[in-house]
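Below is one structure, written out as structure tokens, with a few remarks after it.
A, B, ... follow the sequence lines: proteins, then strands. Residue 1 opens every chain. Any value given below was found using the heavy atoms of this structure, including those in side chains, with hydrogens, waters and symmetry copies removed.
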Amino acid sequence: EDQVTQSPEALRLQEGESSSLNCSYTVSGLRGLFWYRQDPGKGPEFLFTLYSAGEEKEKERLKATLTKKESFLHITAPKPEDSATYLCAVRAARDDKIIFGKGTRLHILP
Amino acid sequence: GAVVSQHPSRVICKSGTSVKIECRSLDFQATTMFWYRQFPKQSLMLMATSNEGSKATYEQGVEKDKFLINHASLTLSTLTVTSAHPEDSSFYICSADRGLEETQYFGPGTRLLVL
């Protein structure tokens, strides 16, 4: 069964304290792994797509990496405005559906 | 680019009434749109896949007669919650597939409260 597991469920960091969010996945044929940011009461905002192991993408303080079993979202020197829920999702080649993890709620303290 | 809108953003209705939610892709044509439901602190659950000009494909456990989906054009899909009940209260989010890449672009969501 295709599934996505994110950890930790919640993370509190001090401003400037770098850390990483984990997304472990099992899927029959990966067509893409996606990271989204979701603010309370809003729809997810697209951040990155990764397609193959070893691929990395960066955007401001965020960097996403991918292996055959998991992806990491690294946050470098975060700011309070980075506080949000970060969602990981995979698209399976078998049925083309996107499966979401439950997300990591990130809170950056000033 | 890749902007998706939803209307209304919030709706409160009485039990037994029907509610229609619109999803529009503003700057691209979407051959496929998706409808999700999200409960507090939970992940997005796919309800159905909507293809322009054809019937929607519903996920297991989603009642197609209760959640009516119409994808009349390449930029508009609608979700109608028929005979709404309090347990239908949730956050409904649509997304659109641009066809150029593997990701989906999401609308801002609609908060439905059924009294």
Side-chain angles (χ1 to χ4, degrees), chain A residues 1-11 21 23-25 27 29-52 55 57 59 64 66 71 84-107, chain B residues 1-11 21-26 28 31-51 56-60 62 79 90-113:
Chain A
E1 182 184 346
D2 300 331
Q3 63 180 13
V4 178
T5 303
Q6 290 188 248
S7 62
E9 284 189 19
L11 181 62
L21 312 183
C23 171
S24 297
Y25 66 92
V27 64
L30 180 69
R31 280 191 60 186
L33 183 140
F34 316 103
W35 282 99
Y36 294 88
R37 167 187 172 136
Q38 186 175 25
D39 292 299
K42 296 187 178 180
E45 174 190 343
F46 170 70
L47 294 174
F48 304 109
T49 305
L50 301 168
Y51 293 103
S52 57
E55 190 175 358
K57 288 194 177 173
K59 180 181 179 180
L66 181 65
S71 175
T85 295
Y86 290 85
L87 298 170
C88 173
V90 297
R91 192 165 198 166
R94 177 171 55 85
D95 55 15
D96 214 30
K97 291 178 182 174
I98 292 186
I99 303 166
F100 281 85
K102 292 185 177 181
T104 293
R105 296 190 306 280
L106 177 66
H107 186 55
Chain B
V3 177
V4 178
S5 71
Q6 276 184 248
H7 178 80
S9 58
R10 306 181 72 171
V11 58
I21 303 170
E22 290 187 351
C23 176
R24 293 180 185 273
S25 57
L26 298 184
F28 65 100
T31 53
T32 306
M33 288 184 171
F34 305 85
W35 287 95
Y36 294 84
R37 186 172 180 176
Q38 187 177 35
F39 291 105
K41 297 186 178 180
Q42 296 295 314
S43 185
L44 282 77
M45 299 299 297
L46 179 65
M47 299 175 65
T49 303
S50 168
N51 291 293
T57 302
Y58 290 81
E59 293 301 299
Q60 190 172 10
V62 178
L79 169 68
S90 189
F91 192 50
Y92 292 87
I93 309 175
C94 74
S95 70
D97 190 333
R98 205 159 61 154
L100 301 175
E101 53 219 64
E102 302 292 350
T103 194
Q104 299 172 12
Y105 294 90
F106 287 83
T110 296
R111 176 76 59 191
L112 171 63
L113 177 61

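Interface check for chain A: of the options B:G109, B:S95, B:S43, B:C94, the most heavy-atom pairs under 4.5 Å are formed by B:S43.
The six-membered or imidazole ring of A:F46 lies near that of B:Y105, with a centre-to-centre distance under 6.0 Å.
In this structure, no portion of A:E45 lies under 4.5 Å from any heavy atom of chain B. Using a 4.5 Å cut-off between heavy atoms, B:L44 touches chain A through backbone and side chain atoms alike.
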Requested in this report: Go through the steps to decide whether A:W35 and A:K57 satisfy the test side chain to side chain contact (heavy atoms under 4.5 Å, CB included), and finish with yes or no.
Outcome: CA-CA 11 Å; A:W35 282 99; A:K57 288 194 177 173; over 6 Å; no
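Counting non-hydrogen atoms of other residues, nucleotides and ligands closer than 6.0 Å to CD of B:E59 gives a total above 12. By the neighbour-count criterion of 12 heavy atoms within 6.0 Å, atom NE2 of B:H7 is sparsely surrounded, having that number or fewer from other residues, nucleotides or ligands.
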